[in-house]
Amino acid sequence: MEYQFRIIEKKWQKNWEEEKIYRVENDYPRPKCYVLDMFPYPSGAGLHVGHPLGYIASDIYARYKRLQGYNVLHPMGFDAFGLPAEQYAIETGQHPAVTTEKNIASFKEQMNNIGFCYDWSREVRTSDPDYYKWTQWIFLQLFQSWYDRNTKKAEPVSRLISIFEKEGNFSQSCPQDESVQFSADQWNAFDEKTKQDVLMNYRLAYCGYGDVNWCEALGTVLANDEVVNGVSERGGYPVVKKRLRQWYLRITEYADRLLEGLQQIEFSEAMKEMQSNWIGKSVGAEIIFPLKAPSRPSPVGKESQPARPRHETAQPSLYPLTKEFAVQNRNNPTHEEKLLWEELRHNKTGFHFRRQHIINSFIVDFACLKKKLTVEIDGGYHKNPDQQFYDKERTKFLLENGYKELRFSNEEVRKNINKVIECIVEELHKLPSVEGKENAGKAFPLGEGLDGASIRVFTTRPDTIFGVDFMVLAPEHELVDQITTPEQSKAMSDYIAYVNSRSERERMAEKKITGCFTGAYAVHPFTGKKIPIWVSEYVLAGYGTGAIMAVPCGDERDHKFARHFNIPITNIIGNYYNGEEANPSKEAVLQHSDFLNGMRMQDAVEVVIRQLEENGIGKRKVNYKMRDAAFSRQRYWGEPFPIIWKDGVAVPLEEKELPLKLPHVEAYKPGPEGEGPLANISGWVNQFSSPSGEGRMGGALETNTMPGYAGSSWYFLRYMDPHNDGEFAERKATDYWNQVDVYIGGTEHAVGHLLYSRMWTKALCDLGYIGFDEPYKKLINQGKITGDSRFVYRVSGTDQFVSHGLKDKYQTDELHVDVNIVDGFVLDTEAFKKWKPDFAGAAFILENGQYICGSAVEKMSKSKYNVVNPDIIVDKYGADTFRMYEMFLGPIEQSKPWDTKGIEGVHRFLKKLWRSFFEQDIFLVNDEEPAENELRILHKTIKKVREDTERFSFNTAVSQFMICVNELAVLNCHKRKILEPLLILLAPYAPHISEELWHQLGNKTSVLNAAFPAFNEQYLKENSINYPVAVNGKTRTEIFFSLDAGQKDMENEVLANETVQKWMNGKSARKIIIVKGRMINVVV
RNA sequence: GCCCAGAUGGCGGAAUUGGUAGACGCGCCAGACUCAAAAUCUGGUUUUCGCAAGAAAGUGCAGGUUCGAUUCCUGUUCUGGGCACCA
């Protein structure tokens, strides 16, 4: 009987399906094992031979664990939302739902062809409403939660509200902006909108503003992928940054836990390192550099300087929030405030006063801006400790920024208001007026000419503070507009325009030094030195504070910048700086560094931080490179947000209203302001706006959709209980299946999916929905299989193609040719002529009668004509051969090129295995007792295959199978007691042939349910070892020694050996190294 | 630019903890079977020198540590992945 793999494989695939052999039950008493592949995106191109690499590996592992007696969950599903389907829809008009469905069907067919043991009854698709109902539900949990920094976990927002009601936010600093502070009374006085705005700053899923790549010509937002060199990939149209309302996940709150969690999970060191680098925790200091007022006032309202309200003293980012507080305070003055205001208003004192005025993020009771005087009335609630803290912070800020603060008690105001006024007027006369503006009272701290503004920088090297030679702001920094002098404004606007045309990636990768001087200066906080302020693209707005203090002698980029723009460099590290390049050493002893002189840099860090804090000009600070995750896309094909916007407040849908289904659309054009296509479907957007939609009347649905990683962040949980319509997964099921034991996928997900998924798991755990806070216990990274492309060389301007070896004699164009019509390197010239109509008339210049192609290893892709379809391989050699060959190619985590030719070897191995059972039609297997050497071969194989499978070294396991079958063939062994266990070993790798032969042996149950054979050490015992003997490290001979030979005896025998003596060349041995069981080395 | 990984025969790779470099397979060469081919089987195959026995060199490159380095350290080159809207 021949090895008829086609018949065998089809037969068993059908049988397994009918027997539902892959059906997995939530079988609580049995030990479990959860083996998962990273979610595939069902692309239209179908699977190529590179895709199944990881799937085969996980399949083998899952089957292996099953043989070991585990209840193995090994599911598969599809990450079915995504950009490509929508892009395809835009191009062809086919609805993404239709193409996605089609793609999934062909993926599944291809997968089934390879014989994976998926339980398809557990399949999930992110685009299925039954699935995304729970994605939306989890989103709402994140929306309804905040991160308590004290308990270090997510908590429901309802608890936050009760904290605010009792004690304000002093124990729960605002993650969005730490300067936002309010007392319980203030909170309770807020109107609903204000409260919601405040809460938004705490929510784990929140709405903010962010830049997108906006392409006016295409009228759409582009992915980074679609932007090349600042223009759109399609059409080459200009792309600019556009600020849009966006959802975010507050993953930064989890930064520390994401770092700590890395210690408990088995990811490769490289992977952990990538994640911690991405999180980028650094400890240093935040330092305030005050701005120096320019010598001349700048004109107002010039085109280059968008006019800002001149009276603005508030920090703009906080203004909307603080304004609400201020207005409420104004509307509800205390009795004493009222009294005093009557005396101060309408310039009664001769000075202009404002009440409940905002300065930075603080509200003062009364302020005379021209004199920088503020007046506080100490109200009753100021006894509240939180309010006292707020007052203290305010006083500190005002003092640092040149204000004079007067404080009066309520009693003083009530008893003798005239004395209070006298006191104020007296102080006003003493204070200098703020000069320079036509109305100084209206021209205050923001913008040039305005003292009091400052630049905050974060630095990990506060010890280099005296080496600061300039400051650099990110082009997006809010101060850039305001501080740029009129002389520089043209240059600056040109520079900003240039930067706007560039992607963040380009900016980071740029070697060329670019920048623009603002014309403004900062003041060194210790020396008072004037420091020029520059703007450059190498400083990114999102990192730290978007501003840096540049220390050229210690930082290479700063150094290059200083050199390029001829900025004088201060050397604070003596000989450590050679004048040619920066030295980032921490070892140097500081010079020209004031109070740090003579100190080692690493010791100086602490000293500086303490000094900064003492002087109130800086503080110790932990900074993270990681930013909050942008969680919305202006696209159609994704999960809709279960959010209604009503009067600027985000109102969540109720659980019973989920899923909020994606409407059917015919067109995919973006909304008028760049919103997602959903914005155009007013019927959908306003579906909750009907008169019956009480309370939310007039509200409109969010029109963004969720990004690709929404559905993939939690899918591993859904597999545990995929049909549950009452919850995302039953707690009993998630407790049982628990963490994914082995997760297999590519490193390209290192910092995206894997981090988001870890965060979601932590949040769900914090909120009590699941019992573990790391999703993946062990991660295996699979490499890629690259394509091996072939080229032909067309003589330019002709129909002649010249063979690779002769191409240098001609002027040629290199063209990709389909690898399927090339045998090795030899082109099938007839097939080539038929391949494309263009080549029908091709003529060939051959070498040695053949056309030899050129080659290159590149990514496997349709456009390179180097794609090899697994279906063709499976058809030609069978699924078992294909599976084993993919594994045999090399280590799972390495990338390697595909070479179809090599598959013959694996195929021959399976045929050889078959021949151990059959010769022609004769069944050879007998029931003889195996000999010792046969048992040794078997047990060596059991040991090796078990160990290799467990450490995911599948290539060496396949080798061992080959060695085993080769050795058994030499011994002409056809014994059931050897072959039967061997089939069980092989079943995870080549399930079909194993099952067939297993049944040929007379078994009635499936080999998939057999028990993995036990390994018996006894068969491998050796009593002597052939030691390699080296002289001076070079192996010269081999000598047998029994395992229990004594050291002395061995030495004597080695020295007596003829070959050893020859190489010792008459010299005496200085040392004899004997490593038991390994080797012997004689040193002369 | 920054972060991570990799580099071993003609090719894919092995050497699991610092201990005989090249297992296993492809390809190639020779042979057997055959009218022939396919399939199968046997032997050989890192390079250089040598009829051979054997010798020398050799794991991207340059150094270092060690009795001994593919393995550890320093530097360097090239290739691949990631860099926040491809998934």
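In what follows, every chain begins at residue 1, and chains take the letters A, B, ... in the order their sequences are listed.
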[N] and [M]: how far apart are their [atom1] atoms, nearest whole angstrom?
N: G22(B); M: C86(B); atom1: C1'; value: 40 Å
N: U76(B); M: C2(B); atom1: P; value: 11 Å
N: C26(B); M: G19(B); atom1: P; value: 29 Å
N: A55(B); M: U65(B); atom1: C1'; value: 29 Å
N: A37(B); M: G31(B); atom1: P; value: 12 Å
N: C49(B); M: G58(B); atom1: C1'; value: 15 Å
N: G13(B); M: A7(B); atom1: P; value: 9 Å
N: U20(B); M: A14(B); atom1: C1'; value: 14 Å

Looking at the side chain of [X], which of [options] is the nearest nucleotide?
X: Arg1036(A); options: C41(B), A55(B), A57(B); result: A55(B)
X: Ala270(A); options: C4(B), C85(B), A14(B); result: C4(B)
X: Val212(A); options: A23(B), G13(B), C85(B); result: C85(B)

Practice item. Select from Lys944(A) and Pro897(A) the residue whose nearest nucleotide in RNA chain B is closer to the 5' end of that strand. Key: Pro897(A)

Study note, to complete from the structure: Sorted by position of nearest nucleotide on RNA chain B, 5' first, the leading residue of Ala750(A) and Met274(A) is Met274(A)

Nearest-Å distance, [atom1] ([X]) to [atom2] ([N])?
X: Lys940(A); N: C24(B); atom1: NZ; atom2: P; answer: 10 Å
X: Phe909(A); N: C41(B); atom1: CZ; atom2: P; answer: 13 Å
X: Leu889(A); N: C26(B); atom1: CG; atom2: P; answer: 13 Å
X: His907(A); N: A39(B); atom1: NE2; atom2: P; answer: 11 Å
X: Phe918(A); N: A39(B); atom1: CZ; atom2: P; answer: 23 Å

Check your understanding: More than 12 heavy atoms of other residues, nucleotides or ligands under 6.0 Å from CD of Glu950(A): is that the case?
Key -> yes

Review point. Touch check for Pro84(A), heavy atoms < 4.0 angstrom, all strands: base, sugar-phosphate only, or nothing?
Key: sugar-phosphate

Practice item. Could you tell me whether His749(A) contacts a base, only the sugar-phosphate backbone, or nothing, with contacts defined as non-hydrogen atoms closer than 4.0 Å? Key: base

Review point. Less than 3.5 Å between a donor and an acceptor, one on the side chain of Gln87(A) and one on the base of C86(B), is that the case here?
Key: no

Review point. Which ones in residues 1073-1084 of chain A lie close to RNA chain B, meaning a heavy atom under 4.0 Å from one of its atoms?
Key: Ile1073(A), Val1075(A), Arg1078(A), Met1079(A), Asn1081(A), Val1083(A)

**Study point:** side-chain N/O Arg627(A) vs A84(B) OP1/OP2, d < 4.0 Å
**Key:** no

